[in-house]
Amino acid sequence: MKAIVDCNNFYCSCERLFKPHLKTTPVVVLSNNDGCIISRSDEAKKLGIKMAQAYFLSKTSLKQHGIVAFSSNYNLYGDMSKRVMETMQSMFPLSCIEVYSVDEAFVDLSHVPANELHATVKELKERIGQWTGIPVSIGVAPTKTLAKIANRLAKENKEKSHCMLLLDTPGKVNAALKRTLVSEIWGVGKQFATKLDKFEVKTAFDLKQMPEEWARQQLGGVVGVRLIKELKGIQTIGIDEQLATKKMVSCTRRFGHPLTDLNQMKEAVAMYVSRAAEKLRRQQSAAQQMTVFVIEKAFDKGEVYTPNEPIKRDVVLPVATSVTPELIKPAIELLEKLYTPGIVYEKAGVIFSKLIPDGSLQANFFVAASSAEQKFLMNKVDNINFSMRNEMVKFASSGVERSWKMKQELLSKRYTTRWSELREIN
DNA sequence: TCTGGGGTCCTAGGACCC
DNA sequence: TCTGGGGTCCTAGGACCC
């Protein structure tokens, strides 16, 4: 059996941890730039606040209902996530745990006897609650896809389920599948859902009845076949080994306000490069390829906001590197080629790909590899940035004015990672 | 005024090789 | 007159996830 452990309304729960007076107040957390709503407490959901709603369009209704909004505080969420995952490790070996996202992890329970499953899962849920203060929901079933379905249903009726649901018999599995729309299945997005609807396949149970050959032709080849197998209880997606180093690393952001000035955009892009390069160094990778993109501001008076497509360019780096200045230069060159005077831009981004381990840097006959001194320097910069305020040491090209910087007007404190921002009790 | 960011995997089709 | 076919690698784009 597999379990999925999912933190309830994770970002909202983190915000509430240090503000107990908000325990029953509806709360939402906003995306970068205070753009839209990306996490909602149960109370906010009940009041009809939708996921991904634009904040500036929701302000009145939030105010009306007394809903409290926060800018996203990734320092806090990242640290709380780590604590939740570490708590799970106190009950299960590392090899049984797959951290799937900041607020979710799969656990392989195949070593737990059937008659102990319920007690084990209950213990896990309570321990996480006690040790971290974060409420979680747990779904258990024979495959990952079924466990995700169990989890959804557990969350749907928290009073009854106590945030836990075990699908440990075929009867329970089928009942759950009949209550699940295809669009709610893990792995079925908008496109597949539309397609399935045309074939009159409405519920997960319906989908399970479809022939695998049909799925191969209609639902993206092996992806569709796997999906049906998983619904049938045949495991096709295992528990992945941990911490696979990333295959690409990026930093992309909307500007605080639209930009037309090349110099300001250069500052922003230089900043994104140094952010992404930090990520590279953290996982000891070096990039062989870099892509820069910009997005033109979408002026539409229509009902649905549809952003423009990115305009991008990439370059193969003469030598794989993770040294910020070596990456800033080609990035700026790409940007200069992309930039058109007079155009209003709303977003830009940098993507590093074709990553290789930093230790085995491929030497290029014509270009000297990053010198040891440069690496030493980058290391120091990272350490200072980590232990001091973010970005205390930054590169001159990333600017000092930073009028392009994102908005975070409702930011809470970094209670768990900064001594100076510790919660005080008077 | 103001609409997130960061990833993964798979496939089709072109390039290239023998 | 007649001008192959099969395999592999790479890439862009599409689908999905949280």
Side-chain angles (χ1 to χ4, degrees), chain A residues 4 6-7 9-11 28-39 50-60 69 71-72 74 77-78 81 98-106 144-145 148 151-152 182-196 216-227 236-237 240 244-258 272 275-276 279-280 283 288-289 291 293 295 297-310 312 314 316 344 346-355 403 406-410:
Chain A
I4 176 84
D6 189 327
C7 301
N9 317 325
F10 183 53
Y11 294 173
V28 297
V29 174
L30 309 176
S31 66
N32 268 340
N33 226 359
D34 293 347
C36 53
I37 293 165
I38 54 168
S39 180
K50 296 276 181 286
M51 187 67 174
Q53 248 176 34
Y55 174 55
F56 77 95
L57 291 175
S58 324
K59 262 184 187 166
T60 350
S71 300
S72 33
Y74 294 109
Y77 313 150
S81 171
E98 176 190 345
V99 177
Y100 180 68
S101 74
V102 68
D103 68 335
E104 278 178 67
F106 287 102
K144 280 182 166 180
T145 307
K148 288 286 264 184
N151 189 272
R152 269 200 74 263
V182 284
S183 59
E184 295 165 340
I185 303 170
W186 186 50
V188 177
K190 226 177 176 176
Q191 309 295 318
F192 285 177
T194 314
K195 193 147 202 183
L196 287 166
R216 187 187 305 281
Q217 275 154 35
Q218 302 294 333
L219 293 182
V222 301
V223 180
V225 177
R226 226 157 40 193
L227 194 52
T236 66
I237 314 170
D240 276 354
T245 48
K246 292 194 170 68
K247 296 173 179 174
M248 60 174 252
V249 154
S250 65
C251 178
T252 72
R253 296 241 188 302
R254 195 166 294 278
F255 307 127
H257 58 80
Y272 302 168
R275 272 273 156 280
K279 294 183 196 172
L280 277 182
Q283 66 163 29
Q288 294 181 283
Q289 182 171 301
T291 306
F293 72 81
I295 296 183
K297 182 171 164 50
F299 292 99
D300 70 327
K301 296 168 190 138
E303 322 69 56
V304 195
Y305 167 74
T306 33
N308 281 314
E309 289 299 309
K312 53 187 171 182
D314 48 58
V316 175
V344 183
E346 64 175 19
K347 181 175 178 174
V350 178
I351 302 162
F352 297 141
S353 52
K354 296 197 178 145
L355 309 188
S403 57
M406 67 180 183
K407 279 185 292 194
Q408 287 185 303
E409 288 166 354
L410 311 162

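Lettering of chains follows the sequences in order, A, B, ..., and the numbering in each one begins at 1.
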Of the nucleotides C:dC16, B:dT8, B:dC2, which has the atom closest to the A:Lys246 side chain?
-> B:dT8

Straight-line distance of A:Tyr305 OH to A:Cys36 SG, nearest 0.5 Å | 9.5 Å

Given B:dC10, B:dG4, C:dC18, which nucleotide is nearest the side-chain atoms of A:Tyr100?
-> C:dC18

Looking at every strand, decide which applies to A:Gln53 at a 4.0 Å heavy-atom threshold: base, sugar-phosphate, or nothing.
-> nothing

So what does A:Pro307 touch, heavy atoms closer than 4.0 Å: a base, only the sugar-phosphate, or nothing?
-> nothing

Spacing of the C1' atoms in B:dC2 and C:dC18 (rounded, Å) = 24 Å

Establish, with yes or no, whether the OP1 or OP2 oxygen of B:dG6 is under 4.0 angstrom from a side-chain nitrogen or oxygen of A:Arg253.
-> yes

With heavy atoms under 4.0 Å as the rule, sort A:Tyr55 into base, sugar-phosphate or nothing.
-> nothing

Ignoring the backbone of A:Leu57, work out which of B:dT3, B:dG6, C:dA15 is nearest its side chain.
-> B:dT3

For atom CD1 of A:Ile38 and atom P of B:dG6, their distance in whole Å = 12 Å

Contact under 4.0 Å: A:Lys297 side-chain N or O vs B:dT3 OP1/OP2 | no

Report yes if at least one side-chain N or O of A:Lys148 is closer than 4.0 Å to OP1 or OP2 of C:dC17; otherwise report no.
-> no

Is any side-chain nitrogen or oxygen of A:Thr252 closer than 4.0 Å to OP1 or OP2 of B:dG5?
-> no

Just wondering, are more than 12 heavy atoms of other shown residues or ligands nearer than 6.0 Å to CD in A:Gln217?
-> yes

Is any side-chain nitrogen or oxygen of A:Lys347 closer than 4.0 Å to OP1 or OP2 of B:dG5?
-> yes

To the side chain of A:Asn32, which of C:dC17, B:dC10, B:dG4 is closest?
-> B:dG4

To the nearest 0.5 Å, what is the distance between CZ (A:Arg226) and OG1 (A:Thr145)?
-> 9.0 Å

Minimal heavy-atom distance between A:Lys144 and A:Ile237, with the atoms involved, is CD-O, 3.7 Å

Does OP1 or OP2 of C:dC17 have a side-chain N or O of A:Ser101 closer than 4.0 Å?
-> no

Testing C:dC17, B:dC2, B:dG6 for proximity to the side chain of A:Ser250, the answer is B:dG6

OP1, OP2 of B:dC10 versus side-chain N and O of A:Arg226: anything below 4.0 Å?
-> yes

Residue A:Lys279, side-chain atoms from C-beta onward, closest of B:dG7, B:dC10, B:dC2 = B:dG7

Protein-nucleotide distance (A:Tyr11, atom OH; B:dG4, atom P), rounded to Å = 15 Å

For the side chain of A:Arg254, starting at C-beta, report the closest nucleotide among B:dG5, C:dC17, C:dC16.
-> B:dG5

Rounded distance (nearest 0.5 Å) linking atom CZ of A:Arg253 with atom CG of A:Asn32 = 5.0 Å

What's the spacing between A:Asn151 CG and A:Ile4 CD1 if we round to 0.5 Å?
-> 6.5 Å

Among the nucleotides B:dT8, B:dG4, B:dG7, which one has an atom lying closest to any side-chain atom of A:Val249?
-> B:dG7

Could you tell me whether the phosphate oxygens of C:dA12, OP1 or OP2, come under 4.0 Å of any side-chain nitrogen or oxygen in A:Lys312?
-> no

Report the residue (A:Gly220 or A:Ala54) whose heavy-atom-nearest nucleotide on DNA chain B is the more 5′ of the two.
-> A:Ala54

Reckon A:Val102 touches a base, only the sugar-phosphate, or nothing at all at heavy-atom distances under 4.0 Å?
-> nothing

Atom-to-atom span, OH of A:Tyr305 to P of B:dT1 - whole angstrom | 15 Å

So what does A:Ile185 touch, heavy atoms closer than 4.0 Å: a base, only the sugar-phosphate, or nothing?
-> sugar-phosphate

Shortest non-hydrogen contact between A:Phe352 and A:Ala276, atoms and distance = CE1-CB, 3.5 Å

Calculate the interatomic distance between A:Tyr74 atom OH and B:dG5 atom C1'; express it in whole Å.
-> 7 Å

What integer distance in Å separates A:Glu346:CD from B:dC2:P?
-> 9 Å

Which of C:dC18, B:dG7, B:dC9 is nearest the side chain of A:Asp103? It is C:dC18

From CD of A:Glu98 across to C1' of C:dC18 the rounded distance in Å is 13 Å

Minimum-distance nucleotide to A:Val222 side chain [options: B:dT3, B:dG7, B:dC10] | B:dC10

Is NZ or CZ of A:Lys59 both nearer than 6.0 Å to the six-membered ring centre of A:Phe56 and within 45° of the ring axis?
-> no

Return the nucleotide paired to C:dG14: Watson-Crick means purine N1 to pyrimidine N3 with N6-O4 or O6-N4, wobble means G-U with N1-O2 and O6-N3, both under 3.5 Å.
-> B:dC9

Mapping A:Met51 and A:Lys247 onto DNA chain B by nearest heavy atom, which one lands closer to the 5' end?
-> A:Met51

Base, sugar-phosphate alone, or nothing: which one does A:Lys354 contact when heavy atoms must sit under 4.0 Å apart?
-> sugar-phosphate

